[in-house]
Undergrad: 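Here's a structure for you.
Positions are given from 1, in the same order as the sequence printed here. Just the heavy atoms: all of them, side chains too, but no hydrogens, waters or symmetry mates, feed the values below.
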Amino acid sequence: QLQLVESGGGLVQPGGSLRLSCTFSGFTADSYAIGWFRQAPGKEREGVSCISGNGAATKYVDSVKGRFTISRDNAKNTAYLQMNSLKPEDTATYYCAAYWVPYPICTTTSGKGRYDLWGQGTQVTVSS
């Protein structure tokens, strides 16, 4: 069964850190890119970061560069998003997603042929 499950969300003060995890199953890890997306109330879903199946390639949206780090451990079928220096504008529901691409590339945009597997999301709230 193809499945992705996010965990690690919560309430954190501005400047704090959280690490999100995305545990996946049902597919060959090194042939699937993983992406992290977020959606705040009333806003469009935004691609935050992605990592290729073998971990060699990563991308970040400008607003999180230098603060967020994506990684993966295929032996544990888990991808991570380490979020540091969190800001109130990072508040959103965070989703991990996956798509098949047997090359060391990834994209932070969803659409036809991309990110056809999605988790249920985990809430991140940054507030004092």
Side-chain angles (χ1 to χ4, degrees):
Q1 182 180 1
L2 303 174
Q3 190 174 18
L4 298 95
V5 178
E6 303 93 339
S7 62
L11 172 64
V12 64
Q13 292 186 340
S17 299
L18 283 174
R19 187 176 79 158
L20 304 184
S21 297
C22 171
T23 302
F24 47 86
S25 60
F27 55 87
T28 303
D30 57 7
S31 293
Y32 280 74
I34 298 290
W36 284 97
F37 295 79
R38 65 186 180 186
Q39 187 165 23
K43 293 189 176 181
E44 295 282 322
R45 186 177 63 198
E46 174 187 37
V48 174
S49 182
C50 69
I51 187 167
S52 61
N54 65 356
T58 59
K59 290 184 179 178
Y60 300 90
V61 69
D62 286 347
S63 60
V64 308
K65 284 181 180 177
R67 300 188 299 122
F68 290 11
T69 303
I70 193 170
S71 61
R72 65 190 295 163
D73 183 342
N74 286 346
K76 295 182 178 179
N77 281 359
T78 303
Y80 306 95
L81 186 67
Q82 177 67 44
M83 306 186 296
N84 298 329
S85 302
L86 283 161
K87 304 175 181 180
E89 51 263 45
D90 295 317
T91 295
T93 301
Y94 283 71
Y95 301 89
C96 67
Y99 72 106
W100 182 80
V101 54
Y103 307 105
I105 59 174
C106 69
T107 177
T108 54
T109 59
S110 59
K112 187 176 181 180
R114 301 169 182 169
Y115 296 113
D116 50 348
L117 303 173
W118 289 82
Q120 293 300 305
T122 186
Q123 177 67 36
V124 171
T125 303
V126 185
S127 175
S128 55

Undergrad: So do the side chains of Glu6 and Trp36 get within less than 4.5 Å of each other, counting heavy atoms only?
TA: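 Of all side-chain heavy-atom pairs linking Trp36 with Glu6, at least one is under 4.5 Å.
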Undergrad: Hydrophobic clusters here meaning ILVMFWY residues chained together by side-chain heavy-atom distances under 4.5 Å, can you tell me if Tyr94 and Ile70 are in one?
TA: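 In one cluster: yes.
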Undergrad: Short question: side chain of Asn74, backbone of Gly53 - any donor-acceptor pair under 3.5 Å?
TA: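 Present.
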Undergrad: Would you mind checking if Lys87 and Asp90 are paired as a salt bridge, meaning a charged N to carboxylate O distance below 4.0 Å?
TA: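 Salt bridge: no.
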Undergrad: Would you give the length of the straight line joining atom OG1 of Thr69 to atom CZ of Arg67, rounded to the nearest 0.5 angstrom?
TA: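 Between Thr69 OG1 and Arg67 CZ, I get 11.0 Å after rounding to 0.5 Å.
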Undergrad: Can you name the closest pair of heavy atoms from Ser110 and Arg45 and give their distance?
TA: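 Where Ser110 meets Arg45 most closely, the heavy atoms are OG-NH2, 3.1 Å.
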Undergrad: Take atom CD in Gln82; do more than 12 heavy atoms of anything else shown fall under 6.0 Å from it?
TA: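 Above 12, so yes.
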Undergrad: Tell me which one of Leu81, Thr91, Thr93, Leu20 satisfies side-chain contact (heavy atoms from CB on, under 4.5 Å) with Val124.
TA: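 Exactly one pass, corresponding to Leu20.
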Undergrad: Compute the ring centroids of Phe37 and Trp118, then answer whether they are less than 6.0 Å apart.
TA: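 Judged by ring-centre distance (under 6.0 Å), Phe37 and Trp118 do meet the cut-off.
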Undergrad: Whether the side chain of Tyr80 engages the backbone of Asp73 through a donor-acceptor N/O pair (distance < 3.5 Å, no angle test) should be reported.
TA: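 No.
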Undergrad: Are Val61 and Tyr115 co-members of a hydrophobic cluster defined by side-chain heavy atoms under 4.5 Å apart?
TA: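 No, because Tyr115 and Val61 fall into different hydrophobic clusters, even though each may have its own neighbours under 4.5 Å.
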Undergrad: Could you report the tightest heavy-atom contact between Ser128 and Pro14, atom names first, then the distance?
TA: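 So the minimum-distance heavy-atom pair works out to N-CD, 3.7 Å.
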Undergrad: Could you tell me if the ring centre of Tyr32 sits under 6.0 Å from that of Phe24?
TA: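 No - the distance between ring centres of Tyr32 and Phe24 does not fall below the 6.0 Å cut-off.
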Undergrad: If every non-hydrogen atom of Ile51 is compared with every non-hydrogen atom of Arg72, which pair is closest and at what distance?
TA: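 Shortest heavy-atom separation between Ile51 and Arg72 comes out as O-NH1, 3.6 Å.
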Undergrad: Locate the shortest heavy-atom distance separating Ala92 from Arg38; write the atom from each residue and the value.
TA: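 That would be CB-CB, 3.8 Å.
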Undergrad: To the nearest 0.5 Å, what is the distance between CZ (Arg19) and CZ (Phe68)?
TA: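 Going from CZ on Arg19 over to CZ on Phe68, the span is 14.5 Å.
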Undergrad: So, for Ser21 and Thr78, which heavy atoms are closest and what is the spacing to 0.1 Å?
TA: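 Smallest heavy-atom distance, with atoms named: CB-CG2, 4.2 Å.
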Undergrad: Would you check if Ser17 and Asn84 make a side-chain contact, meaning some heavy-atom pair closer than 4.5 Å?
TA: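 Ser17 reaches Asn84 side chain to side chain.
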Undergrad: So, does Lys59 use its side chain to make a donor-acceptor pair with the main chain of Thr108 at under 3.5 Å?
TA: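 Absent.
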Undergrad: Do you know the tightest heavy-atom contact between Ala56 and Pro104?
TA: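 Closest approach of Ala56 to Pro104: CB-CB, 4.4 Å.
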Undergrad: Do Thr125 and Ser127 have a side chain donor and acceptor closer than 3.5 Å?
TA: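 Per modelled atom types, Thr125 and Ser127 side chains form no pair under 3.5 Å.
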Undergrad: I'd like to check Leu4 versus Ile34 (side-chain heavy atoms, cut-off strictly below 4.5 Å). Are they in contact?
TA: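 Leu4 vs Ile34: side chains touch.
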Undergrad: Do the side chains of Tyr60 and Val126 join up, straight or via other hydrophobic residues, at under 4.5 Å, putting them in one cluster?
TA: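 Yes; tracing contacts between hydrophobic side chains, which count when under 4.5 Å, links both residues.
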Undergrad: With a 4.5 Å heavy-atom cut-off, do Trp100 and Leu117 have their side chains touching?
TA: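 Side chain of Trp100 against side chain of Leu117, heavy atoms only: no contact under 4.5 Å found.
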